Amino acid sequence: MDQRLTLPQDGTMSGPRGFAQWDSPPSVKLGPLGAEPPLPPTVAALRDSLQSLADKVMRPIGRDLDRLTAEQVVDKGSRYWEFRREYAKLGIDVAGLADFPAEELPALFTVLFEELGRGDAGLAISIGAGMLPHYMAAKYGNSFVAKTYPETLTGCWGITEPDHGSDMLDTTSAIAHAKGVYGRPNCVARISDGKVTIRGQKSAWVSNGPIADLCILYCLAETKDGRVDPARGAVLIVPLDAPGVSKGKPLEKMGQRALPQGELFFDNVELDIDHLLLAPEDYKKGVYAIHTEANALMGATFTGCARSAYELAFAYAHERKQGGVPIIRHQDVAKRLFHMARKVELSRAITRRVTTFNMMNDQPALQAAMFAKVTATQHAVDVASDAVQMFGGNGVTLEYPVEKIFRDARSSLIEDGCNEILSIKGGTLMVDPDLLPATV
């Protein structure tokens, strides 16, 4: 049987316009999402709505909030709440996501957070963190949260502590020093007699902490003899109006200033056992699951952040003249824009690919989610830095938006696990025991 490849001879081999109808010289403009294949109609419609939200609402509000103090950002009169009201009009919630066909969810998720990240990275992370209590409860097969707490409540995720940052994500001690000791936990849960009691605090990096109503809390759990084991913890849903809960001051920080962050304190907070989402024996799986989701969200958000910097630089390069021509006519500028666009495309591609794999696979691959997070955040910093350079002196002034985007992007290298730790942890997840010598 002849299986040689044959090509059509009628000029139709390259889509609706065959070779004979190509422009001369050929030139193609990429779409808003670059070299993106056609999206499902529902996702394309959502993208259009989100692009409008990003341009008309998120960018101006994010810029205004960036100039305020952290306490002014969370004030009831601030424009942060205007953004939340406008976003709520889109009707995107966990219950609604369940109605989408499974094959559309990866595109929907990545488009949603790319467009939000394009509008403002800090506001995008605020939306993502706000969804986590209900989203993860649904992932864990828990119906109590959906029945008890409406999705209109603002959520947050409490995991890092004053003395424990990225190591809270390392329940297997894969990144621990051989002589290292975990030390004293800052937040502990005690489970007994149908109750859970929480004492201690979470660090100032709790996204939405100062304004949240509901927290998905990850902390270590006491054993019966009062000891704690870093590999055994509890995943809890905590209403933040419960007796004994208090909040610290909003955190002042370099970037993502539109994102409220702050400490949470728990003074013997007692909850019914229904609020326990995962018991100590499932804690490792719970950390793995939420870390996978969070790193994918970061990948999509900072693809959008990088895209924002690229789009601004691209437009500026056509407007700004030096040497009598728009600067895009200068070879170094054109070359720089090419590599900026390439990095946005790579970030989008790996994030979409990884999200599709993890949503369609029986068990997600955390190391793959780390690929997306590390790639997209590093590219966001690179692209934003190039945008500042392309704007020249204007790039470092508050009048132009690229310096803010650079600050927002720079924070992402530490957020949801610093990239150095994620790379080490991801590498340990890639070890194949079947290939190791029996003596190792």
Side-chain angles (χ1 to χ4, degrees), residues 27-36 51 54-56 58-67 113-124 253-258 298-351 373-415 419:
S27 179
V28 175
K29 285 187 177 181
L30 296 176
L33 298 184
E36 179 72 54
Q51 286 182 337
D55 290 332
K56 297 178 182 179
M58 296 183 74
R59 281 183 172 176
I61 289 179
R63 183 173 59 247
D64 288 350
L65 296 178
D66 185 64
R67 310 290 175 84
F113 282 101
E114 177 177 335
E115 295 298 340
L116 292 177
R118 175 179 167 271
D120 184 275
L123 294 175
K253 53 192 190 294
M254 178 179 76
Q256 298 180 39
R257 294 180 59 80
M298 289 287 289
T301 297
F302 287 93
T303 297
C305 181
R307 177 178 151 208
S308 180
Y310 164 72
E311 289 176 349
L312 289 164
F314 183 81
Y316 187 78
H318 286 76
E319 299 164 3
R320 175 69 169 169
K321 289 184 177 181
Q322 288 283 285
V325 295
I327 61 173
I328 196 169
R329 293 297 189 186
H330 294 289
Q331 291 179 332
D332 186 65
V333 172
K335 172 188 170 185
R336 189 186 298 271
L337 283 167
F338 171 84
H339 286 296
M340 293 166 74
R342 177 180 61 84
K343 290 175 180 178
V344 175
E345 284 286 321
L346 288 170
S347 297
R348 178 184 298 114
I350 194 171
T351 301
K373 192 272 182 178
V374 173
T375 299
T377 55
Q378 186 60 61
H379 282 173
V381 173
D382 294 345
V383 172
S385 179
D386 281 343
V388 171
Q389 191 73 13
M390 192 173 299
F391 273 70
N394 289 335
V396 298
T397 68
L398 297 182
E399 182 182 353
Y400 289 81
V402 288
E403 65 85 27
K404 172 190 176 297
I405 295 172
F406 176 76
R407 287 187 284 110
D408 290 346
R410 184 59 184 83
S411 299
S412 72
L413 300 187
I414 302 168
E415 208 168 358
N419 285 4

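Here the structure is a predicted model, which is why all the values come from computation and not from measurement. For reference, positions follow the sequence shown, starting with 1.
Heavy atoms only, all atoms of each residue included: Ala306 and Ala380 are closest at CB-CA, 3.7 Å. Contact between Ser347 and Ala376 at its shortest, heavy atoms only, is OG-CA, 3.5 Å. Closest of all the heavy-atom pairs between Asp408 and Gly255 is OD1-C, 3.6 Å. When all heavy atoms of Lys373 and Ser412 are compared, the pair lying nearest together is NZ-O, 2.9 Å. Here the shortest heavy-atom pairing between Tyr310 and Leu337 reads CE1-O, 3.6 Å. Minimum interatomic distance between Thr377 and Val374 (heavy atoms only, all atoms of both residues): OG1-O, 3.4 Å.
Residues Phe391 and Val388 fail the side-chain proximity criterion, which asks for heavy atoms closer than 4.5 Å. Under the 4.5 Å side-chain criterion, counting only non-hydrogen atoms from C-beta, Leu65 is not in contact with Arg257. Taking the side chain as every heavy atom from C-beta outward, His379 and Val344 never approach each other to under 4.5 Å. At a threshold of 4.5 Å between non-hydrogen side-chain atoms, the residues Met390 and Val402 do not count as touching. Side-chain atoms of Arg67 and Leu398, non-hydrogen and from C-beta on, do get closer than 4.5 Å to each other.
Note that the CD1 atom of Ile405 and the CZ atom of Arg63 stand 10.5 Å from one another [nearest 0.5 Å]. Note that the CE atom of Met298 and the CG atom of Leu413 stand 8.5 Å from one another [nearest 0.5 Å]. Atom-to-atom distance recorded for Leu346:CG and Thr303:OG1 is 10.0 Å, nearest 0.5 angstrom. Taken to the nearest 0.5 Å, the CG atom of Leu123 stands 5.0 Å off from the CE atom of Met58. In this structure, CZ on Phe338 lies 14.5 Å from CD on Gln331, to the nearest 0.5 angstrom. Here CG of Asp382 is found 4.0 Å from NZ of Lys343. Values are rounded to the nearest 0.5 Å.
Crowding of Arg410 atom CZ: a count of heavy atoms from other residues, nucleotides or ligands under 6.0 Å not exceeding 12. Remark: Arg329 CZ is loosely packed, at most 12 non-hydrogen atoms of other residues, nucleotides or ligands lying under 6.0 Å away.
A salt bridge links Glu403 with Arg407: at least one charged nitrogen is closer than 4.0 Å to a carboxylate oxygen. Salt-bridge check for Arg348 with Glu345: passed, with a basic side-chain N closer than 4.0 Å to an acidic carboxylate O.
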- Verdict with reasoning, Arg307 to Glu311, per salt bridge (Lys or Arg N to Asp or Glu O under 4.0 Å): CA-CA 6 Å; Arg307 177 178 151 208; Glu311 289 176 349; 2.9 Å; yes
- Thr351 vs Phe113, side chain to side chain contact (heavy atoms under 4.5 Å, CB included): CA-CA, chis, key distance, verdict: CA-CA 11 Å; Thr351 301; Phe113 282 101; over 6 Å; no
- Evaluate the side chain to side chain contact (heavy atoms under 4.5 Å, CB included) criterion for residues Leu33 and Glu115: first the C-alpha distance (whole Å), next the side-chain angles of each, then the deciding distance (0.1 Å), finally the verdict. CA-CA 10 Å; Leu33 298 184; Glu115 295 298 340; 3.4 Å; yes
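With hydrogens and angles left out, the side-chain atoms of Gln51 and Asp55 include no donor and acceptor closer than 3.5 Å.
Within the 3.5 Å criterion, the main-chain N or O of Val381 finds no donor-acceptor partner in the side chain of Ser385. Not a single donor-acceptor pair under 3.5 Å links the side chain of Ser308 to the backbone N or O of Gly304. In this structure a side-chain-to-backbone donor-acceptor pair under 3.5 Å is missing from His330 to Gly323.
The salt bridge (Lys or Arg N to Asp or Glu O under 4.0 Å) with Lys404 is formed by just one residue from the set Asp64, Asp120, Asp66; it is Asp120.
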